[in-house]
Number of protein chains: 2
Amino acid sequence: MINNPKKILRDHIEKVVKLTDNEFDFVIGHFALQSFKKTQFIIQAGDHVKDVFFILSGLVKLFYMDESAKQHIVSFAMEDWWETDFNAYYAQRRAVFSLACLENTETYSLSLENFNRLCNGLQKMEHFFLMKSIAGHIGSQERILSFLTSDARARYENLINKSPGLLQRVPKATLALYLGVSRETLSRLGS
Amino acid sequence: MINNPKKILRDHIEKVVKLTDNEFDFVIGHFALQSFKKTQFIIQAGDHVKDVFFILSGLVKLFYMDESAKQHIVSFAMEDWWETDFNAYYAQRRAVFSLACLENTETYSLSLENFNRLCNGLQKMEHFFLMKSIAGHIGSQERILSFLTSDARARYENLINKSPGLLQRVPKATLALYLGVSRETLSRLGS
DNA sequence: TAAAATCTGTGATGTTTGTCACGCCTACTT
DNA sequence: AAGTAGGCGTGACAAACATCACAGATTTTA
C-alpha cells in the first residue's frame with residue numbers, strides 16, 4: 001500500500017505546473033483512490049469508460065483482443081502514467097480496448113465530469129493535461145517509427161533500453177505481444 | 001490560392017469551441033500565411049523548429065530519414081490538419097523529422113511564443129489544442145494497432161478505406177513508405 | 001506436498017516480405 | 001521529336017518471421 005498518494009500526485013503535477021496548497025486541495029477533491037489485484041481487469045472491452053487512471057503503483061497493460069482471441073498490447077503503464085481507453089473516455093463510447101493489471105495496482109481515478117470541472121475551475125490543470133497529452137502523442141509517434149525502421153531485434157533492444165525494468169516485471173511472452181512478434185521469435189533473439 | 005483562409009481556420013476551430021468576432025480577431029493575429037511548392041521542404045531534419053502548421057490546402061509528409069537515406073513516413077497531413085515535428089517544437093530542440101510537400105501547400109503558421117500567448121490570453125484556445133492533441137494521440141494509437149494486428153494487405157486496405165483520396169494524390173511507392181512495406185510488396189498486393 | 005498452470009527454449013517447416021534486377025509506360029523537359 | 005526521370009509491375013532468390021509441436025523448469029494453486 002502506498003503511504004502518501006497525495007504527495008505522489010502533487011509532485012507529479014508540479015513537475016509541470018506549480019500549485020498552491022489551496023489549489024491542490026481543490027484538485028485532489030476530484031480524484032478517488034482505487035486498488036486492483038494482479039490479473040484483474042480495470043476496463044473490459046465493451047464497458048462504459050467512466051474514468052482515466054493515474055497509476056500510483058503497479059503495472060497495467062492496455063490491449064486489443066482480436067477475433068481469434070489474440071491480445072495486442074497498445075501500451076504498458078506504470079507508476080506516474082495516465083491510462084485509459086482515451087477514445088472511449090473522451091467520446092463517451094464503449095471501450096474497444098481492455099485495461100488489465102500485470103501487478104497489484106493502485107490508482108487515482110478521475111471521471112470525465114470531474115476532469116471537465118477541474119479544467120474549468122483551474123486553468124493550470126487544463127495546461128497540465130495538454131502537456132501530458134502532447135507527451136503521449138510524441139511517445140506514440142516514436143513507437144510508430146520503431147515499427148517503420150526496426151526489425152524484431154532492434155525493437156526489442158529499443159524497448160529494454162527505454163524501460164529496463166519491464167524485463168524483470170513482465171514475462172517475455174507478454175513483451176512479444178507489445179513488440180508485435182511471436183514469443184518464439186522473441187525467444188530466439190537470444191542475448 | 002485559397003480565397004478565404006480566415007474562414008477556413010475559424011470554421012475549423014469552431015467545430016470545437018465557439019468564438020466571438022472579437023475573440024477570433026485576437027486569435028487570427030497570431031497566425032501567418034505561408035505557401036510552399038510541391039517537393040519543397042517546410043522543415044528539414046536539424047532545423048530549429050519555430051512553427052506548427054495548419055494546412056489550408058495541399059498535402060505534406062512528415063518523415064524520418066535513416067542512416068541509409070531511406071525515408072519512413074510517420075504521417076501524412078492534408079487540409080484541416082496540424083503538423084510539425086512536435087517534439088522539436090514544444091521542447092525547442094532541433095528537428096529529427098522532416099516535413100515536405102507532396103503538393104503545392106498553403107499554411108497558417110503559429111510560433112511557440114504565439115501559441116503560448118494564445119493559450120494564456122484565451123482559455124478556450126488551450127481547450128481547443130487539448131482536444132486536437134487528444135485526437136492526435138488516439139489516431140497514433142490506431143496506427144500502432146494496425147502494425148500489431150495487420151499484415152501488409154490489411155494495413156493497405158485500412159489506409160485506403162480511411163483516406164480514399166490518398167490513392168489519387170500520392171504515388172504507391174510513397175504509400176509504401178507509410179505502410180512500412182517495400183514498394184514491390186505493395187505492388188504485388190494487386191486489387 | 002501434489003497437481004496444475006505458466007514460462008521459456010528449440011527443432012522443423014511454411015509463409016510473408018525484402019532485395020536486386022529488369023522492362024514498359026507516361027509525363028515532363030529541352 | 002528525342003531524351004530523361006518517375007511510376008509501376010514482375011521474376012528470382014534470400015532473409016525474416018509465424019506456426020506447430022514438444023519438453024524441461026518454475027511458479028501457483030488446491
Problem - Euclidean distance, atom CG of residue B:Leu175 to atom P of D:dG7 [Å, nearest integer] - result: 12 Å

Problem - Residue of the set B:Phe128, B:Trp82, B:Tyr108, B:Phe115 for which ring pair (Phe, Tyr, Trp, His ring centres under 6.0 Å) holds with B:Phe54 - result: B:Trp82

Exercise for the section: Please work out if A:Lys70 contacts a base, only the sugar-phosphate, or nothing of the nucleic acid, heavy-atom cut-off 4.0 Å. Expected result: sugar-phosphate

Practice task
Return the value, rounded to whole Å, for the distance between atom CG of B:Leu189 and atom P of C:dT16.
Solution key: 11 Å

Exercise for the section: Confirm from the modelled atom types if B:Arg183 and D:dG9 form a donor-acceptor pair under 3.5 Å, side chain to base only. Expected result: yes

Handout entry: Whole-Å distance separating the CG atom of B:Leu179 from the C1' atom of C:dG18
Key = 15 Å

Practice task
Might you confirm whether atom CZ of B:Arg93 has over 12 heavy atoms from other residues, nucleotides or ligands at distances under 6.0 Å?
Solution key: no

Practice task
Can you tell me the distance, in whole Å, between the CG atom of B:Asp151 and the C1' atom of D:dT19?
Solution key: 15 Å

Practice task
Determine whether any donor atom in the side chain of A:Arg188 lies under 3.5 Å from an acceptor atom in the base of D:dT19, or the reverse, and answer yes or no.
Solution key: yes

Exercise for the section: Kindly indicate whether the side chain of B:Arg155 and the base of C:dT17 share any N or O donor-acceptor pair separated by less than 3.5 Å? Expected result: no

Handout entry: Over 12 foreign heavy atoms within 6.0 Å of NZ, A:Lys124
Key = yes

Fill in the blank from the handout: Rounded to whole Å, the CD-P distance (A:Glu103 to D:dT27) equals 16 Å

Practice task
Classify the side chain of A:Glu184 and the base of D:dC17 as holding, or not holding, a donor-acceptor pair under 3.5 Å.
Solution key: no

Handout entry: Ring geometry between A:Tyr90 and A:Phe86 (parallel below 30°, tilted from 30 to 60°, perpendicular above 60°)
Key = parallel

Problem - Options D:dC17, C:dC7, D:dG7, nucleotide nearest the side-chain atoms of B:Pro171 - result: D:dG7

Fill in the blank from the handout: When rounded to whole Å, the CG to P distance for the pair B:Leu186 and C:dT19 reads 14 Å

Handout entry: Interatomic distance, A:Lys38 NZ vs C:dT6 P [rounded to whole Å]
Key = 11 Å

Handout entry: B:Phe97-B:Phe63 aromatic ring centre distance below 6.0 Å
Key = no

Practice task
Write down the distance between CG (A:Asn104) and P (D:dT28), rounded to a whole number of angstrom.
Solution key: 12 Å

Exercise for the section: Ignoring backbone atoms, test whether A:Thr185 places a side-chain nitrogen or oxygen under 4.0 Å from the OP1 or OP2 oxygen of D:dA18. Expected result: yes

Exercise for the section: Determine: side-chain N/O of A:Ser187 to OP1/OP2 of C:dT8, distance under 4.0 Å, yes or no. Expected result: no

